Amino acid sequence: MDEKYHPEKIEAKWQRHWEEKKLFQAKEDPTKEKYYLLEMYPYPSGAIHMGHMRNYSIGDVVARYKMMRGYNVLHPMGWDAFGMPAENAAIESGVHPAKWTYENIDTMRRQLKRMGFSYDWEREVATCDVEYYKWEQWFFLKMCERGLAYKKRSLVNWCPSCQTVLANEQVEGGLCWRCESEVTEKELDQWFLKITDYAEDLLEYCDKLPGWPERVLRMQRNWIGKSEGAEIRFPLENSKEAIPVFTTRQDTVFGATFMSLAPEHPLTLELSKGTSQEGEVREFVERVKRQSIIGRTGEDTEKEGVFVGANCLNPMTGARMPIFAANFVLMEYGTGAVMAVPTHDQRDFEFAKRYGLPLIVVIQPPDSPLSEETMTEAYVDEGTLVNSGQFNGVDSVAAREAIVKYLEENGLGGREVNYRIQDWGISRQRYWGAPIPIIYCDRCGIQPVPEEDLPVVLPHDVEFTGKGGSPLAECRDFVETQCPKCGGDARRETDTMDTFVESSWYFDRFASPRYNGGPLDKEKVDYWMPVDQYIGGIEHAILHLLYSRFFARVLKEFGLVRDKEPFTRLLTQGMVIKDGAKMSKSRGNVVDPEYLVSKYGADTARIFCLFASPPEKDLEWSDQGVEGSFRFLNRVWRLVYENHHWIKETKPNSGATPIDHDLRVLRQKVHKTIKKVGEDIERFHFNTAISAIMELVNALYQFKPTENGDPAERLVFGEAIEAVTLLLSPFVPHIAEELWEALGKGESIIKTPWPDYDREAIVEEKVLVVIQVNGKVRDRVTVPFSMEEEEIKGVALEREKIRRLLHDKAVQRIIVVPKKLINIVCA
RNA sequence: GCCGGAGUGGUGAAAUUGGUAGACGCACGGGACUCAAAAUCCCGCGGGGCUUAAACCCCGUGUCGGUUCGAAUCCGACCUCCGGCACCA
């Protein structure tokens, strides 16, 4: 052991050792309890950043701790390797996306290895490998068979900058999740996955995931957006047809005085055809369609519309209702048609006021009655029904139920549930992704690629112009093919799949990453899945984490996996902040982990991330904090260096000698620390676990051993040093291994069981009792642990200071919290 | 607008969930070692009052109330910041 701590020497040494001994290779072993720990895999952008560093440091503590606890741990790592930055690099600098991606992977793998993370690299997966994405194509075919994947022409979100379609989940506040451009609408033929079939189940199971943060579950519930209400059919005037609407306020149906249609609603143009309104309607629809999502749905966009030239009838009253096209009605939600009740819906109120449409109050509030003439805004709360025929006098909540029944009985509609969530659009008009395995034949229509023809390999030689349109469409060798049904000339689908499809099942693939008999080796997946602990950023709360839950359900139906919830526990870690903002290249406030490792070593970088704040909170970067962490490791190093010679020689059983008070206190501190660190790791309080170890180290510095080495002292002190080393090892594994070796231990520290604390040793002999008078701390007294309540009261009342405080007061009661506190209440 | 979360020293944070507020670290101040510096080690460090000093007292967890013997923690109202959803019928 060197006198000085040189991280660069020891870190490389132990990384080599772990790799040579294959210490992190996971093997299925039914006799051992498995623990599947997973951190969200990175996109190979070129370099590991602080966010990764933090995420993976957190994960590594848990992995190593569980290994020492005797679990059979699976801790894999891979690459979310398809995606646009690779393609953009190709457009900008001419490097092929594959070359760019694989080189980045090499760099980042090297960086991760330099951090000493306990990954099973044998299981590494890159999603751009054909061996990976061919199974994704296989899933797609199976989903087509079951109608879970389908193609439809629809309005989709289009990012003009990325030149591709985005899923609803990828539009954040009207902006592209990746480049923050304003998203527009476009009508395109697209492939969708039927996540809506699972909306109810996904929602229901939000209540059955106790290991997930409430915040994430709430976001998912919100996103699924379940509304219960009714469908009501409004007959068209002079026609047999009717317009169905969805409403959650069927109790207000008697107050519906007009109808609003989405501009994209097929009836909008159809009804206006041949009327004097036709031109105006057409113009309006065209104008609305051209708007961006923000322009269309922003909160300050004014409500406007146009009469389509036709009317429908209120099914309850028979009253004639003019039909409008209105910009605020969305085609994607409900039926794209809304019954307008201006008195009890604010949007309808504003619209009615603008176009001079009639108001009928049908809900009266309990206090001050409403009148159509004086209302200045809609009344949207509950009340009693009026102007509602047979339902007059009924409470609005009860009326919702009664009216649903009436609708059903009279064939006018019925109960209906609606979800905000839409099917997942997965077509991307980009090159660097998994090709959608579909062939178009002019004679036979849409033909799935036969399973035996998989994979549909992404061609290598294509041109990257950045001009828009998928490069695959320009690649004749790829596009031109034969129809699997008739054998005639046919064309391949040139869109690729959303990269979130890859990440929806990579955790399953880690269980059998090289399996070739199918996507998953059932036996192995059943052994490892579900993921016991998943760790990653909150930004995936509704993207990846919802898609993965959907995929798990589908895979379960295919009989490929056993569980429909893939992640038992989830930890969402906070961002890394510097100078008040998230670290990012554009802000210029990044700290490169590579630099940190070069200057201080991986262990310092790791322990800083873990110590500075609890994992779920944002981490404020501090250069001095890093220095402090490095200082602490040096302190530990010196402590062991100065003592390792004699500790190595101390035989475990050499001293049955009785130990004195100071030693007993030290030993108690050791075992209390063992207890606390274990408990803190279990509940992910790494910062307090580390501070507890620091306290122990401080106590060992305070403890001055006698000159010629009392055997009992050597025993206790030696035990303490070993405990410090063991407890530190999940956090700072390299230095721990080196110190462990210096202490004369043969086996790698990762193979050493986590220490148990001695229950006897932590028993308190004396306990500090706080004495309060009327809730204010006035004195403290140390009493024997076993002292009875009554006796403690006596001791407290006898205290000089307490007597002085109480001399002219009458004691009313005394509250005793055993071993902790006594509160004397007096007048 | 709706739904969450969070506000604690100069600073990052503790307080295992109603029982000593500020552990541990950083910064800062003082001391030891040194010719000197760095490194290291030791001591101090919420604010105020009183004091040579100690002892002691008061205030203090965003603000104002409440519950309780006792509140950073529970309840109500408000303020500020952050996040999610949002013309969803």
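It should be emphasised that the depicted structure is a prediction, and the values quoted were computed from it without experimental measurement. Chain identifiers are assigned alphabetically (A, B, ...) following the order of the sequence lines, protein sequences preceding nucleic acid strands; residue numbering begins at 1 within each chain.
Taking atom CG of Leu330(A) as the reference point, atom C1' of rA89(B) lies 9 Å away to the nearest angstrom. Rounded to an integer number of Å, the gap from CG of Asp251(A) to P of rA89(B) is 13 Å. Put simply, CD on Glu616(A) is 12 Å from C1' on rA13(B), counting in whole angstrom units. Protein atom CG of Leu633(A) is 16 Å distant from nucleotide atom C1' of rA39(B), rounded to whole Å.
Toward the 5′ end of RNA chain B lies the nearest nucleotide of Arg683(A), the other residue of the pair Arg683(A) and Ser227(A) mapping further downstream.
Minimum atom distance to the side chain of Asn823(A) is reached by rG19(B), of the listed rA13(B), rA89(B), rG19(B). The listed nucleotides are rA86(B), rC69(B), rG19(B); the one nearest the side chain of Arg813(A) is rC69(B). Relative to the side chain of Thr688(A), the nucleotides rG12(B), rU16(B), rA14(B) differ in distance, and rA14(B) lies closest. In this structure, of rG19(B), rA86(B), rA89(B), it is rG19(B) that holds the atom nearest to the side chain of Ile815(A). For Arg780(A), the listed nucleotide lying nearest its side chain is rU20(B); candidates were rU20(B), rC85(B), rA14(B). Proximity note for Lys303(A) (side chain, C-beta onward) versus rC87(B), rU20(B), rG12(B): the nearest is rC87(B).
When the C1' atom is used for both rC82(B) and rA32(B), the distance is 47 Å, rounded to whole Å.
Base engagement by Val770(A) is indicated by at least one non-hydrogen atom pair under 4.0 Å involving a base atom. Nucleic acid contact class of Val341(A) (heavy atoms, under 4.0 Å, all strands): none. Using a 4.0 Å heavy-atom criterion, one finds that Asn634(A) contacts no nucleic acid atom at all. Residue contacts shown for Glu231(A) are absent, as no nucleic acid heavy atom lies under 4.0 Å away. Residue Ile542(A) is classed as a sugar-phosphate contact, given heavy-atom separations below 4.0 Å to backbone atoms only.
Base orientation for rU52(B): anti, the chi torsion being more than 90° from 0. Glycosidic torsion of rG9(B) falls within 90° of 0, placing the base in syn.
Relative ring orientation between His540(A) and His544(A) is described as perpendicular, the plane-to-plane angle rising above 60° on a 0-90° scale split at 30° and 60°. Using cut-offs of 30° and 60° on the angle between ring planes, the pair Tyr547(A) and Trp424(A) is parallel.
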Scan nucleotides 24-27 of chain B against the protein and return all N/O pairs shorter than 3.5 Å with their distances rounded to 0.1 Å.
from, atom 1, to, atom 2, distance (Å)
rG25(B), OP1, Asn698(A), ND2, 3.2
rC26(B), OP1, Arg631(A), NE, 3.3
rC26(B), OP1, Arg631(A), NH2, 2.7
rA27(B), OP2, Arg631(A), NH2, 3.3

Output a table of nitrogen or oxygen pairs between the protein and nucleotides 56-61 of chain B separated by less than 3.5 Å.
from, atom 1, to, atom 2, distance (Å)
rC57(B), OP1, Arg778(A), NH1, 3.3
rC58(B), OP1, Arg778(A), NH2, 3.2
rC58(B), OP2, Arg778(A), NH1, 3.1

Below 3.5 Å is the cut-off: list the nitrogen or oxygen pairs between protein and nucleotides 28-31 of chain B, distance only.
none

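Counted by atom type alone, Tyr333(A) and Ser227(A) present one or more donor-acceptor pairs between their side chains at under 3.5 Å.
In the interface, the side chain of Asn222(A) is not paired with the base of rC85(B) through any donor and acceptor atom under 3.5 Å apart.
Test Phe351(A), Phe234(A), Phe349(A) against Phe258(A) for ring pair (Phe, Tyr, Trp, His ring centres under 6.0 Å) and you get one pass: Phe351(A).
Against RNA chain B, the stretch residues 209-219 of chain A makes heavy-atom approaches under 4.0 Å through Arg215(A), Arg218(A), Met219(A).
Residues that satisfy the side chain to side chain contact (heavy atoms under 4.5 Å, CB included) test with Glu679(A), not counting sequence neighbours, are Lys675(A).
Using a 4.0 Å cut-off between a side-chain N of Lys or Arg and a carboxylate O of Asp or Glu, Arg400(A) and Glu382(A) qualify as a salt bridge. In this structure, Lys353(A) does not pair ionically with Glu377(A), as no charged nitrogen and carboxylate oxygen lie closer than 4.0 Å.
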Here RNA chain B, pairs taken as Watson-Crick or G-U under 3.5 Å and shown with ( ), [ ] when crossing and | when to another strand, reads (((((((..(((......[....))).(((((.......))))).((((......))))..(((((..]....))))))))))))....
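Note: Ile538(A) CD1 to Glu616(A) CD = 10.5 Å, rounded to the nearest 0.5 Å.
Counting all heavy atoms, side chain and backbone alike, Val404(A) lies closest to Ala230(A) at CG2-CB, 3.9 Å. Scanning all heavy atoms of the two residues, the minimum distance from Phe686(A) to Val61(A) falls at CE2-CG1, 3.7 Å.
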Working note: Phe632(A) + Trp637(A), criterion ring pair (Phe, Tyr, Trp, His ring centres under 6.0 Å); need CA distance, chi angles, decisive distance, verdict.
CA-CA 9 Å; Phe632(A) 170 66; Trp637(A) 183 274; over 10 Å; no
